[in-house]
Amino acid sequence: ERGSRRSERRSKRREKRIDQVIFSYYTITEIKDIKRRWKNSDLRPHIKKILGQAIDAHLRGEYVLTISCLASMWESLIYNKAGITTPLQQKKTKEKFKTLSERNGFDDVFSEFYDHFILGYVNSPEDVIDGVSSRNGCLHGQYKKYPNKKASLNAILLTDFIISFQTEEDY
């Protein structure tokens with residue numbers, strides 16, 4: 001048991017060091033650069049405005065606003081990138097996302113990410129993973145505590161990842 005606690009403390013310290021490196025890279029300037037890229041994207045103007053305001057909320061430290069807003073946009077952004085024009089069942093959307101990620105040179109791990117984190121079947125506060133944004137958990141209010149900066153940054157980075165996908169027309 002003692003070895004387990006020691007290992008857990010080392011793991012927590014390691015995670016904190018990794019978080020420090022990530023936060024030192026994703027400075028306010030870098031976050032504003034992401035916002036600028038989104039503003040210059042081919043997304044519809046009202047979507048750009050929504051995404052920009054989500055970034056602004058992050059910069060103000062209003063992380064729950066960022067996560068809630070961006071998580072609610074992920075499926076729509078995927079639809080846009082995959083050329084989906086009518087709502088699909090989640091299984092079909094997952095298949096389209098898998099095709100989209102493969103076309104962009106990503107392994108199956110990214111389509112699995114869609115199932116576990118974008119949809120993220122979080123049905124109770126106990127299912128929430130600290131620092132990980134889940135669309136399902138977010139939209140159904142399954143937070144154990146107020147989301148932190150790490151979770152907000154992860155939501156921004158996931159959104160940026162989806163927006164950066166090349167569509168079929170881009171090839």
Side-chain angles (χ1 to χ4, degrees), residues 12 15-82 84-85 87-88 90 93-94 96-97 100-101 104 106 109-165 167:
K12 289 275 187 205
E15 183 179 344
K16 280 186 176 192
R17 285 193 302 252
I18 291 169
D19 289 350
Q20 286 173 338
V21 169
I22 291 168
F23 287 131
S24 71
Y25 178 79
Y26 286 102
T27 61
I28 290 173
T29 302
E30 185 64 28
I31 298 295
K32 286 181 178 181
D33 285 345
I34 291 171
K35 180 181 175 182
R36 197 171 302 110
R37 266 198 324 271
W38 294 357
K39 186 176 182 178
N40 294 327
S41 73
D42 62 352
L43 295 168
R44 294 178 306 233
H46 71 283
I47 300 295
K48 292 179 192 184
K49 188 171 186 172
I50 292 167
L51 296 172
Q53 288 181 8
I55 293 267
D56 292 341
H58 173 83
L59 295 173
R60 290 190 307 268
E62 296 168 325
Y63 305 128
V64 74
L65 296 178
T66 301
I67 295 166
S68 299
C69 178
L70 295 179
S72 71
M73 302 292 292
W74 290 335
E75 200 165 39
S76 173
L77 292 169
I78 291 167
Y79 273 37
N80 182 26
K81 291 295 181 171
I84 301 169
T85 56
L88 299 176
Q90 287 183 344
T93 304
K94 180 183 173 184
K96 292 284 191 177
F97 183 76
L100 183 63
S101 62
N104 279 270
F106 296 103
V109 70
F110 288 95
S111 58
E112 291 169 16
F113 187 83
Y114 173 84
D115 199 25
H116 292 97
F117 295 104
I118 293 177
L119 289 181
Y121 295 102
V122 173
N123 297 310
S124 72
E126 290 72 37
D127 294 337
V128 172
I129 301 169
D130 195 32
V132 177
S133 304
S134 157
R135 183 184 72 95
N136 192 50
C138 170
L139 298 179
H140 298 290
Q142 299 298 343
Y143 294 120
K144 287 189 274 188
K145 58 183 180 180
Y146 191 85
N148 59 20
K149 183 178 182 180
K150 178 180 179 179
S152 182
L153 179 59
N154 284 335
I156 291 169
L157 296 177
L158 176 57
T159 305
D160 194 48
F161 176 73
I162 295 168
I163 290 171
S164 70
F165 273 151
T167 63

Once ring pair (Phe, Tyr, Trp, His ring centres under 6.0 Å) is applied, what residue pairs with a partner in residues 16-62 remain, sequence neighbours excluded? His58-Tyr63
Please report the interatomic distance CG(Leu158) to CG(Leu70), rounded to the nearest 0.5 Å. 9.0 Å
Any salt bridge (charged side-chain N to carboxylate O under 4.0 Å, His left out) pairs touching residues 53-70, not counting sequence neighbours? Lys35-Asp56, Arg60-Glu62
Leu100 to Ile78 - nearest heavy-atom pair and separation: CD2-O, 4.4 Å
Can you name the closest pair of heavy atoms from Ile50 and Cys69 and give their distance? CG2-SG, 3.3 Å
Is there side-chain contact between Ile34 and Arg37, with heavy atoms separated by less than 4.5 Å? yes
Taking side-chain contact (heavy atoms from CB on, under 4.5 Å) as the test, write out the residues that go with Lys48, two or more places apart. Ser41, Leu43
Answer yes or no: is there a side-chain heavy-atom contact under 4.5 Å between Ile163 and Asn80? no
Kindly indicate whether the side chain of Asn154, heavy atoms from C-beta on, has any atom under 4.5 Å from the side chain of Lys150. yes
Is a donor on one side and an acceptor on the other found under 3.5 Å between the side chain of Lys96 and the backbone of Ala82? no
Of all the heavy-atom pairs spanning Asn148 and Ala151, show the shortest one and how long it is. OD1-N, 2.8 Å
Heavy-atom side-chain proximity of Tyr79 to Trp74 below 4.5 angstrom: no
Salt bridge flag under 4.0 Å for residues Lys16 and Asp19: no
Could you pull out all residues at least two apart from Thr27 that satisfy side-chain contact (heavy atoms from CB on, under 4.5 Å)? Thr29, Glu30
Does the ring center of Phe106 lie less than 6.0 Å from the ring center of Phe97? no
Minimum heavy-atom separation for Ala57 to Leu65, with atom names? CB-CB, 3.9 Å
Step-by-step side chain to side chain contact (heavy atoms under 4.5 Å, CB included) determination, Ile55 to Thr66: CA-CA 7 Å; Ile55 293 267; Thr66 301; over 6 Å; no
Are any non-hydrogen side-chain atoms of Leu59 and Lys32 less than 4.5 angstrom apart? yes
Ser101: which residues meet the side-chain hydrogen bond (donor to acceptor under 3.5 Å, both in side chains) condition with it, sequence neighbours left out? none
